[in-house]
Amino acid sequence: MVTIEEVLRNIKLKMNAKNEAMIRSAYELALNAHTDQKRKSGEDYIQHPLHTALNLARIGLGARTITAGLLHDVPEDTDVTLEEIEKKFGKEIATLVDGVTKLGKIKLRGTKEENYLENLRKMFLAMAADIRVVLIKLADRLHNMETLESLPPEKQERIARETLEIYAPIANRLGIGDIKARLEDLAFRYLDPENYNYVANLSAAQQEKRKKYIKKVVTELKKELGREGIRFVDIFGRSKHIYRLFQKLKRHDMDIAKIYDLVGVRIIVPEIVNCYETLGIVHKKYRPLVGRIKDYISLPKPNGYQSIHTTIFGPEGKFLEVQIRTKKMDDEAEFGIAAHWIYSENKRSFKDLLFGKKTKVPDQELIWVKQLREWQNELGKDDHEFMEGLKIDFFKNHIFAFTPMGDIIDLPEEATPIDFAYRVHSEIGDRAVGAKVNGHIVTLDYKVKNGEIIEILTSKDHKNPSRDWLRFVKTSNAKSHIKKFMKKEGMI
Ligand code: MN
């Protein structure tokens with residue numbers, strides 16, 4: 001049972017009396033409006049908006065988003081209207097609640113590809129209008145997944161599939177690792193109970209051994225860092241969530257012994273420079289596995305993720321993945337765009353950051369936020385029209401393709417795997433030798449279609465952009481990289 005006090009206790013942003021009063025008043029309104037309503041689980045309905053609000057507080061959102069979270073099912077399911085909400089809480093909150101209601105009408109019917117992509121587009125549109133709407137929807141979905149048990153099996157299946165195919169990738173896109181992981185595990189449990197149980201048991205069986213082992217490594221690392229005078233904020237062990245572990249197992253013949261990063265340790269340090277110092281000390285203590293050092297600090301992932309990863313030969317010669325990052329990076333990895341707000345110095349609204357011209361854009365602004373704003377500017381539409389854009393096919397000239405990890409890469413129409421590769425990373429473009437679309441080999445001039453999963457095959461020892469590629473690539477990004485390479489090699 002969640003209480004409003006628990007929600008308030010979990011808010012990470014500074015609250016003033018006015019904000020607290022607003023949240024309490026929203027709670028009172030929701031409590032009264034949903035009186036006598038029960039969830040399918042038999043719980044009082046109010047538990048659902050309270051859980052939603054708690055999820056929002058935990059990922060670092062502020063008073064207005066939490067207020068809208070408490071009210072999100074009121075206009076749809078009770079006698080209290082949106083107009084009354086607007087009168088009491090103002091236009092901004094009412095717009096958020098309305099956005100959530102509209103987004104709620106999007107259903108994944110059947111498994112037809114068109115519908116799925118249409119839904120994905122709608123999500124993006126809602127996101128562009130106000131990201132908070134999508135965050136509330138994710139918090140709402142998380143609680144619905146946690147209580148999915150009480151629904152009939154056919155509904156469970158549909159909701160779980162929708163969660164895995166739409167909501168989890170969006171949480172990933174927003175960089176909210178924590179919600180993404182929880183959504184994936186819950187969906188996996190309903191969509192593939194056999195494999196879920198198999199992996200969950202496998203993981204549990206290793207748990208005890210793993211705990212002891214991690215404790216040993218953490219102790220050794222603490223001693224080592226202390227000796228070298230490195231301050232650290234935290235060191236702890238971590239394990240993969242079940243769905244992610246299953247994906248890895250599938251790629252490794254379901255052989256758990258082949259998974260190097262099954263056991264992991266995360267080291268949180270104060271500053272970026274400490275990350276690299278710490279990496280040096282870790283490598284001095286334990287031999288690193290060649291080719292497994294990933295510096296996502298200088299080269300962040302497309303969703304903004306930053307961290308250093310390295311796989312080492314730990315005690316007893318066992319492989320172990322070590323992640324090193326600052327506290328800020330860690331919060332951003334768990335809470336994504338929401339954490340971004342906790343760290344931004346001057347408080348700006350989401351809209352300001354998205355569309356504002358008066359405010360300076362922070363350096364570490366997530367790449368996709370920039371993209372959204374660019375598209376917005378290109379089209380010169382205002383917010384209102386943007387929401388109305390649900391009717392217009394705004395994304396007509398854009399294609400969304402996915403990396404095997406589920407990151408969304410946007411491309412112009414008729415883009416090829418080479419455009420995709422350069423969009424992911426210039427190194428990947430330069431080293432591309434082949435491509436797979438949804439698991440099948442295609443030619444490099446293949447025209448990528450919306451929603452396809454693209455895997456780029458790369459060469460470890462050769463860079464090989466060719467003049468030929470210039471004939472078919474569509475993005476200026478790819479063109480300029482290819483030309484740069486040719487110039488360097490004296491080919492032009
Ligand atoms: Mn709801």
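Whatever order the structure lists them in is the order used to number ligands and atoms, beginning at 1.
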Note to self: Strictly below 4.0 Å, N to O, side chains only: are R189 and E149 in salt-bridge contact?
What the structure shows: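 The answer is yes: the pair qualifies as a salt bridge.
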
Margin query: Whether R141 and E162 form a salt bridge (side-chain N of Lys/Arg under 4.0 Å from carboxylate O of Asp/Glu) is what I want to check.
Written below: yes

Note to self: Working to 10°, measure the angle at the Mn ion (ligand 1) formed by atom OD1 of D140 and atom NE2 of H48.
What the structure shows: 80°

Check: Under 3.5 Å, is there a donor-acceptor pair between the side chain of Q156 and the main chain of L151?
Finding: yes

Margin query: If you consider just the N/O/S atoms, which atom of H72 is the closest one to the Mn ion (ligand 1)?
Written below: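 Output for this pair reads NE2.
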
Notebook entry, point to check: What N/O/S atom of D73 gets nearest to the Mn ion (ligand 1)?
Noted result: OD2

Checklist line | Test applied, side-chain contact (heavy atoms from CB on, under 4.5 Å); reference residue, I23; option that passes from M15, E28, R64 | finding: M15

